[in-house]
Amino acid sequence: NLDIRVNTIPNDELGSLGKAINDLAVETNEYRTNRSELFANISHELRTPITYLKGYANALKNNLYKTEEEKQQYLTIIETESDHILRLINDLFDLSKMEEGQANLQRETVNLLEIVETSILKIKIELEKKGLKLVTEINRKSDLLIYADGIRVEQIFINLLVNAIQYTEKGSICMKVWGTKNNVHIVIEDTGIGIPEEDLPLVFERFHRVEKSRSRDYGGTGLGLAIVKNLVEIQDGNITVSSKRNKGTKFELSFPRVE
Ligand code: ADP
């Protein structure tokens, strides 16, 4: 036990060295807890889809279906669950690279307005499928330049917009974009089911789900917002969330503006 050993050393300098080692040990313990929690989460997240795969593959193998239609349903479940596992693994890989500082960003001066336009274009079909309206307030008077990886910024917007669509049954999604002297600002707001106050500080954490079943029903991995926050921060940006249950959710982002 480091604590006991260090406390017996009278010398001040040695004492502070000991304190540093103790702090590190605490950090290491925390790291260990986080790591085992992470492994537990990953195992849990993989167990569910794999249980489905095994069950339905077994049912097909033993001809436990009554009609051709039922057989097709089983095959569709196998396909959906395999997709889910793939998405989970891709998200985990993405996140671990970012957390190790190996995100491989291709940063350059890009016009935020162009990224916003392509992001909107890409989620249009999802919007139409749900019959939701997109309201935009975009100040196009001047270019809004940022130093970022355009593809990764698009990934941020698409993630937030797809979430907004997923968790909104009626009403609209609003996207506002404007610039101030030193920053660019983006707001993505929906009129959906919202996030309870007690969950707000946790939504950017890996695998945090507001209600256990809520996002899995939508096919989410619980990693989307953790990836978003990482992507924003490694590009010197900032993201915050506010929400009211059954009223809607608002994500506010900013990035430093460049000349
Ligand atoms: P998932 O892939 O499960 O959606 P995310 O990390 O993207 O995971 O989101 C974490 C949780 O935050 C989700 O499970 C969902 O409950 C909640 N959430 C995210 N965005 C919204 C939103 N726009 N409205 C309501 N809840 C949201």
Side-chain angles (χ1 to χ4, degrees), residues 34 37-38 40-49 52 80-99 103 119-120 122-123 126-127 129-136 152-176 186-234 237-253:
N34 284 340
E37 206 175 284
L38 178 63
N41 277 330
I42 295 171
S43 315
H44 175 82
E45 294 294 329
L46 283 172
R47 192 176 296 125
T48 316
Y52 278 111
T80 315
E81 294 302 321
S82 307
D83 282 345
H84 185 80
I85 296 172
L86 253 183
R87 205 158 46 236
L88 193 67
I89 290 170
N90 286 337
D91 280 0
L92 272 171
F93 188 70
D94 224 18
L95 201 54
S96 85
K97 280 205 138 180
M98 273 185 270
E99 287 182 359
S119 309
I120 290 175
K122 288 188 179 174
I123 54 107
E126 303 295 320
L127 264 174
K129 265 197 232 158
K130 277 194 91 169
L132 294 167
K133 221 171 57 182
L134 180 76
V135 182
T136 55
R152 299 305 229 159
V153 176
E154 188 184 294
Q155 188 184 353
I156 294 168
F157 294 155
I158 289 179
N159 244 310
L160 293 172
L161 288 166
V162 167
N163 268 353
I165 295 168
Q166 261 173 1
Y167 298 108
T168 303
E169 290 312 318
K170 58 177 195 291
S172 56
I173 315 293
C174 177
M175 187 163 187
K176 294 181 197 162
I186 306 102
V187 168
I188 294 175
E189 196 172 5
D190 63 58
T191 56
I193 55 177
I195 300 169
E197 208 179 331
E198 63 270 23
D199 286 286
L200 278 178
L202 302 169
V203 287
F204 292 114
E205 307 240 321
R206 294 180 293 226
F207 296 119
H208 182 79
R209 257 73 170 263
V210 170
E211 276 144 19
K212 285 286 166 258
S213 64
R214 159 155 146 182
S215 87
R216 203 176 184 285
D217 290 345
Y218 291 114
T221 61
L223 292 171
L225 286 181
I227 291 174
V228 163
K229 190 173 169 71
N230 258 290
L231 279 177
V232 170
E233 288 177 353
I234 59 177
N238 187 53
I239 179 166
T240 58
V241 60
S242 54
S243 184
K244 272 231 159 65
R245 218 173 176 158
N246 298 321
K247 290 260 184 287
T249 304
K250 178 161 136 185
F251 287 92
E252 296 179 71
L253 298 89

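Both ligands and their constituent atoms are indexed starting at 1 by order of listing.
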Quiz item: What is the minimum heavy-atom distance between Glu45 and Thr221, and which atoms define it?
Solution: OE1-O, 4.2 Å

Quiz prompt | Enumerated ligand 1 atoms positioned under 4.0 Å from heavy atoms of Arg209 | solution = 3 (O), 14 (O)

Quiz item: How close do Ala103 and Met98 get, heavy atom to heavy atom, and via which atoms?
Solution: CB-CG, 3.7 Å

Quiz item: Would you call Arg206-Asp91 a salt bridge at under 4.0 Å N-O?
Solution: no

Quiz item: Looking at Gly248 and Ser243, what are the two nearest heavy atoms and their distance?
Solution: O-OG, 2.9 Å

Quiz prompt | Contact atoms of ligand 1, heavy-atom distance to Ala164 under 4.0 Å | solution = 23 (N)

Quiz item: Looking only at heavy atoms of Gly192, does any of them come nearer than 4.0 Å to an atom of ligand 1?
Solution: no

Self-check item: From NZ (Lys247) to OG1 (Thr191), nearest 0.5 Å
Solution: 11.0 Å

Quiz prompt | Check: Gly224 N/O within less than 3.5 Å of ligand 1 N/O | solution = yes

Quiz item: Is ligand 1 under 4.0 Å from a heavy atom in the side chain of Ile195, in the backbone, in both, or in neither?
Solution: side chain

Quiz item: So, for Ala226 and Glu205, which heavy atoms are closest and what is the spacing to 0.1 Å?
Solution: CB-C, 4.3 Å

Quiz item: Taking both backbone and side-chain atoms of Asn163, is any N or O found less than 3.5 Å from an N or O belonging to ligand 1?
Solution: yes

Self-check item: Enumerated ligand 1 atoms positioned under 4.0 Å from heavy atoms of Gly220
Solution: 1 (P), 2 (O), 3 (O)

Quiz item: Applying a 4.0 Å heavy-atom criterion (strictly less than), which segment of Leu160 is in contact with ligand 1: side chain, backbone, both, or neither?
Solution: neither

Quiz item: His208 heavy atoms, cut-off 4.0 Å: which ligand 1 atoms fall inside?
Solution: 10 (C), 11 (C)

Quiz item: Would you find more than 12 non-hydrogen atoms of other residues, nucleotides or ligands less than 6.0 Å from Glu233 atom CD?
Solution: yes

Quiz item: Less than 3.5 Å between some nitrogen or oxygen of Phe251 and one of ligand 1, yes or no?
Solution: no

Practice problem: Examine the proximity of ligand 1 to Val210 and report which part, side chain or backbone, both or neither, has a heavy atom under 4.0 Å away. | Solution: both

Self-check item: Geometric N/O contact Ala226 with ligand 1, under 3.5 angstrom
Solution: no

Quiz prompt | Identified side-chain contact (heavy atoms from CB on, under 4.5 Å) counterpart of Ile158 within the set Leu161, Ile156, Leu160, Val162 | solution = Val162

Exercise. For Gly222, counting its heavy atoms only, list the atoms of ligand 1 lying under 4.0 Å from any of them.
Key: 1 (P), 2 (O), 3 (O), 6 (O), 8 (O)

